[in-house]
Structures are given as C-alpha cells and as structure tokens.
Asks: 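After the structure tokens below, expect a handful of questions from me.
The structure displayed is predicted, hence computed values, not measured ones. Numbering starts at 1 and runs along the sequence shown.
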Amino acid sequence: MSVLDAPVGAAPGPAGSGEGLVGVFVRLKLTLLRNGLRQSAGRRAAYITSVVFTLLIAAGQLLGLIALRGHAHTDSLVVLLAGVLAVGWAVMPLFFPSGDETLDPSRLVMLPLRPRPLVAALLTASLVGIGPLFTFCLAAGSAFAVAHGAAGAAFAVVAAPLMLLLCVALARAVATANTRLLTSRKGRDLAVLSGLVIAVGFQVVNFGAQRIGQAGGLAALDPVVDVVRWLPPASAVGAVDSASRGSYGQAFAQLLLSVAALFALLWLWQRSLVKLMTAPDGSTLAAAGPAREKAGKGGSRLSALLPQGRTGPVMERSLRYIARDPKTKAAWVTALAIGLIVPVLNALQGTGSMYFACFAAWMLGIQMYNQFGQDTSAFWMVALTISSTRDAYLELRARALALLLITLPYTIVVTVVTAAVLGGWDDLAEVMGLSFALLGGMLATGAVASANFPYSIPQDGAFKNVAPGQAGLAWISIFGGMVSAGLLCAPVIAVTIWLHVADLEQWLWLLLPVGGVYGALISWVGLRFAAPRTANRLPEILAAVSKG
C-alpha cells in the first residue's frame, strides 16, 4: 500500500518511514520533471539549454577555483564565496516560491507522514536538480582550492557535501517556515519584487568590487573574512584551510560548527513542518473587512483630487494598478530604484556625470510601453468604452498623466540629488531640460508602441513578462520605441551641443523651459498619432493582450 492509499491517521507503512519514503519522493520528483518536459518541445528545449548553460558555468567555476590553489588570499575568496552561497540559498525560496512545486509541504498535509522521515525524504529529493549540482561544484572547488596535505584533503572530503547539505537544508527550512506567506498575495508581491533586489544587488556588488580594487585587493577584506570563516557553512571551508595550515583544533571546531548548524536547521525544519501540517490558517480573515473599508475610503479621497470626466477614473485605475498589481508594482519599484541608484552610485564612485540623471526619466518612461498589456483580458471592459478616436485619445492621455504624476517629481528629485553629490549645480537646468525632453519622447513612442505592438503579460509566474510567441513584439515595442525616443530628442540634444561648442554656457539655463515645452509638445503629438490606431485596432489589441 502506498502513502497515497493509506487512510488518514493510520500508521505509515514502509513508504511512510525510512528509506522507502526517500525513494518515493525521489521518484516523484523525477516523474513530475519528466512529465513536465513532455508538455511541449519548447519547454524541453528551454530546459536542456538551461541545463547545458548551467553545467558549463559550473565546470568553469570548478576549474577556476582549482586553478587558484597556492595563490595569495585564495582562502579569503573561497570563504566569502561560501557565505554568498548560503545567503543565496536562504533568500531563494522568498523570491522563487513556486520554483520547486514538487517539494511544497502544504501538498502533503492530508497524508499520514511522520515529520522526521518526511524531513529526510524532502532533503534527499531537494538534492536532485541543477541547483544542487551547481552548488556542489562550487563547494568542491572551494574546498579543493585550500586543501593541502592529507589532513586538508580529508577535511575537504567532508566539507564539500556538508556545505551542500547546509545550503539545501537552509533553503527548505526558510521555505517551510514561510509557506503561508509565500502562497498569499503578499508572498506573490515579494516574489515579483525580487527583480529589484537582484538589480540593487548587482549595483552594490559592482560598487564593492571597485572599492576593493581601490583598497588594494582582497587583503582589505581580511577582517571580514576572519569573522565569516566561523559562520556556517563558510566554517566548513575554513576548517579545510585551518587543517591545511596545521591548526587541527581550530579545524575541528569550525567543522563541528557546520555540523551543529545542519542539525539545528533540520530540527527547525521539522518543527515548521509540524506547525504547517497541524495548525489552521486564518491569518487573513480578521483583517479583510477593515482592509476593504480602508481601501474604499482611500479611493474616494483619490477620486476627489483627480480631474472630472473620463480622465479621472482612468488615472485612478492606472494608479491602482501600480499599487495593487504585483507585476506592475514590481516594474515601477525596480524602475524607481535603478533610476536613482545608477546616477548616485556613479557619482559616489567619482566616475559619474550629471547626464546620468537622465537615466531616471528613461527608466520611468519605459512604463508607458505596452499600456494595454497590463490590463490583460480585462482590457475588453476598456475597449467597450472606446468608440471613437477621441475616446482613445482621452484614454491614452489619462494613462500618460497618471504616469507623469510620479515621473515628473521623481525626475526632479534624482537630478537635484545627483547635482548635490557631484556639485554640478551649474548643469542642473540643462540636465533637467534634457530629462523632460527624453520623458516626452518616451511617452510619445510608448503610446504608439502600445497601439501597434501590444503583448500579453502572463499572471502565473513572477518572471514571465511576455506570453509565449510574443517575445518579438516585446523587443520591437520596447527597444524600437527607445531608439525612436532618442531620435525625437535629437533637436534638444543638438541645441545643447551647439551651446557648449559655441561657448554660450550662460544660455544653457534656457534648456530647462525649452526641454519642458518640447517634451510636452512631442508627447501630445505622439498621443494624437496613437489615438486613431488604438481606436481602429481594438480587436487586434484585445486578442494580443488576452493571449496569456
């Protein structure tokens, strides 16, 4: 009798404990993976491509770490790498909650499974996949890079699999403890906002790498490494390094820290499983009524501040998308963060320029593209209200005004902050005028692209931003539109260059009003140009945005 056939409350049979349950879960994961790949040839091709790509990177990382044997500060590098791996595995479940549905413990609530065998089975099944293989390659390469002598090799043989088990157990413990959150609306919001964390993380890593280079290399990190080497799972790599240097007592202490951390994680994981599979979930019932009442009052206040007629409701709808729709919110928050980080971090590094402030207008202007795609299949209700070119123009204009409510003050703030960091107050008016002109160009081309190249935004995955078969439309819409926006701003850019070449810097302040007026003019022309195309292509737009 299998675990699926056992009655609720019955004692688990051979598959419910020990090795039998481990085999069941491993076969279950492999079966679900195989059946998923049978769904389409495109899915198989994407999976095989990702596997090959990941294996090539893993092999390159492994060979690179092995090549570092004997080099100075190799121990610092591999210890920090182990720490980064642990952090990555810890936050991965928060940003990829549906990345491994076969290991979702909430699906096992009705099965007669004991916690301890279940933890062992889930841990073993978690080791099946490309992610664990990639991690093991890095762990093995890190351990081998600092292993010298028989003692170092012996510790390395234990440290590499221990690191892998620690990382996987950490990820599963975090995922189980947050299962209720990750399957809620807030959890989905957290998942789609991971793009922001990744983008910000890249900028921070870049900034830190440049600072390390200026400080004389990895030697500047030795004080940090001295602390990290005692934190699991980095302590496992630290144990290999200590054993290679003859500090056997320190090596055993560091290795025992990692072993103790593994058992502590397994114990916490088991407790979370018991709580998840026995405690009811009523976390959202009590607050539902007050939340709706508060949202309704907020909506009435917002409506009173917006223009009358069609413009106000359309603007309010667009602003509600930004506040409530997970993917729209993620796109906006990411654009706001990166639009500020790029100019400010470059300014702090001493390599910035006032012209980097225009990046904020560019990032936020992208939000005008594919305006109807964010409506998904609900666009049919909007289409019912558009019966003429004027209706289409009012719809597009209201969406652009909602965008301007955020982008205009934000562009001003970013430009002022960049000027304050760089001390470029003399260039403030010039750069702000260029930003306004660029923003107007993005609004104009975004409206035209929304009408001519609409595409669907799937709602079922945090990182699926284009429906299958529509990637070409997305590329044409966004990148073609951005190039066109740059060309539309050419007159203002030409005037700026001419004033500099002709030594007429005293007149550069005129670019602020000129850029503002020019941006408003070209955005109005773009909306007028896009309105008839929107009105005439409503069936095609509805079919495109409803595809996902």
Side-chain angles (χ1 to χ4, degrees), residues 17-19 21-22 25 78-97 99-100 103-106 108 113-129 131-132 135-136 138-140 142-143 154-182 224-243 248-279:
S17 61
E19 298 178 357
L21 189 60
V22 171
F25 273 76
V78 296
V79 166
L80 290 177
L81 178 61
V84 171
L85 274 176
V87 172
W89 277 90
V91 302
M92 182 176 60
L94 302 178
F95 295 144
F96 298 88
D100 193 353
L103 301 177
D104 183 0
S106 63
L108 310 173
L113 302 174
R114 293 193 180 100
R116 187 173 297 176
L118 181 60
V119 167
L122 288 174
L123 180 62
T124 305
S126 298
L127 298 175
V128 179
T135 302
F136 182 73
L138 293 183
S142 299
F155 272 85
V157 170
V158 178
L162 182 59
M163 278 182 60
L164 174 61
L165 290 174
L166 262 169
C167 289
V168 174
L170 178 61
R172 303 319 309 175
V174 171
T176 303
N178 294 278
T179 295
R180 295 268 168 83
L181 168 66
L182 297 177
V224 178
V225 174
D226 291 339
V227 176
V228 175
R229 67 171 63 248
W230 287 95
L231 302 176
S235 60
V237 179
V240 179
D241 181 54
S242 299
Y248 301 117
Q250 180 176 328
F252 276 108
Q254 290 171 316
L255 194 64
L256 286 176
L257 276 175
S258 291
V259 173
L262 176 60
F263 280 102
L265 285 173
L266 294 176
W267 179 75
L268 291 173
W269 185 8
Q270 179 177 324
R271 287 197 60 185
S272 298
L273 277 174
V274 172
K275 182 178 180 180
L276 176 68
M277 303 179 78
T278 58

Asks: Ala86 and Pro233: which non-hydrogen atoms are nearest, and at how many Å?
Replies: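 Nearest heavy atoms, Ala86 then Pro233: CB-CD, 3.3 Å.
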Asks: Evaluate the side-chain proximity of Val237 to Met163: yes if any heavy-atom separation is below 4.5 Å, no if none is.
Replies: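 Met163 vs Val237: side chains touch.
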Asks: Provide the closest heavy-atom pair for Ala90 versus Val174 in the form atom of the first, atom of the second, distance.
Replies: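 Minimum heavy-atom separation between Ala90 and Val174: O-CG1, 3.5 Å.
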Asks: Apply the test side-chain contact (heavy atoms from CB on, under 4.5 Å) to residues Leu127 and Leu165: give CA-CA distance (whole Å), side-chain angles for both, the deciding distance (0.1 Å), then the verdict.
Replies: CA-CA 8 Å; Leu127 298 175; Leu165 290 174; 4.0 Å; yes
Asks: Going by the side-chain hydrogen bond (donor to acceptor under 3.5 Å, both in side chains) test, which pairs reach into residues 255-264, not counting sequence neighbours?
Replies: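 Those involving residues 255-264 are Ser235-Ser258.
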Asks: Please report the C-alpha distance between Leu118 and Phe25 in whole Å, then the side-chain angles of each, then the deciding distance to 0.1 Å, and finally whether the side-chain contact (heavy atoms from CB on, under 4.5 Å) criterion is met.
Replies: CA-CA 9 Å; Leu118 181 60; Phe25 273 76; 3.5 Å; yes
Asks: What distance do Leu85 atom CG and Cys167 atom SG have between them, rounded to the nearest 0.5 Å?
Replies: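 Going from CG on Leu85 over to SG on Cys167, the span is 5.5 Å.
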Asks: What pair of heavy atoms forms the shortest contact from Pro132 to Leu164, and how long is it?
Replies: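 Closest approach of Pro132 to Leu164: O-CD1, 3.5 Å.
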Asks: How far apart are the closest heavy atoms of Ala243 and Tyr248, and which atoms are they?
Replies: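 Minimum heavy-atom separation between Ala243 and Tyr248: O-CE2, 3.7 Å.
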Asks: I'd like to know whether Leu162 forms a side-chain contact (heavy atoms from CB on, under 4.5 Å) with Leu255, so could you lay out the CA-CA distance, the side-chain angles of the two residues, the decisive distance to 0.1 Å, and finally the verdict.
Replies: CA-CA 9 Å; Leu162 182 59; Leu255 194 64; 3.8 Å; yes
Asks: Donor-acceptor pairs under 3.5 angstrom involving side-chain atoms of residues 261-272: please list them, not counting sequence neighbours.
Replies:
residue: Trp269; atom: NE1; partner: Thr176; partner atom: OG1; Å: 3.0
residue: Ser272; atom: OG; partner: Leu268; partner atom: O; Å: 3.0

Asks: Tell me the closest heavy-atom pair linking Ala159 and Val240, and the distance in Å.
Replies: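 For Ala159 and Val240, the tightest heavy-atom pair comes out as CB-CG2, 3.6 Å.
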Asks: State, with a plain yes or no, whether a side-chain heavy atom of Arg172 is found less than 4.5 Å away from one of Leu122.
Replies: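 Not touching, per the 4.5 Å side-chain cut-off.
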Asks: Step by step, would you call Gln250 with Trp230 a side-chain contact (heavy atoms from CB on, under 4.5 Å)?
Replies: CA-CA 10 Å; Gln250 180 176 328; Trp230 287 95; 3.6 Å; yes
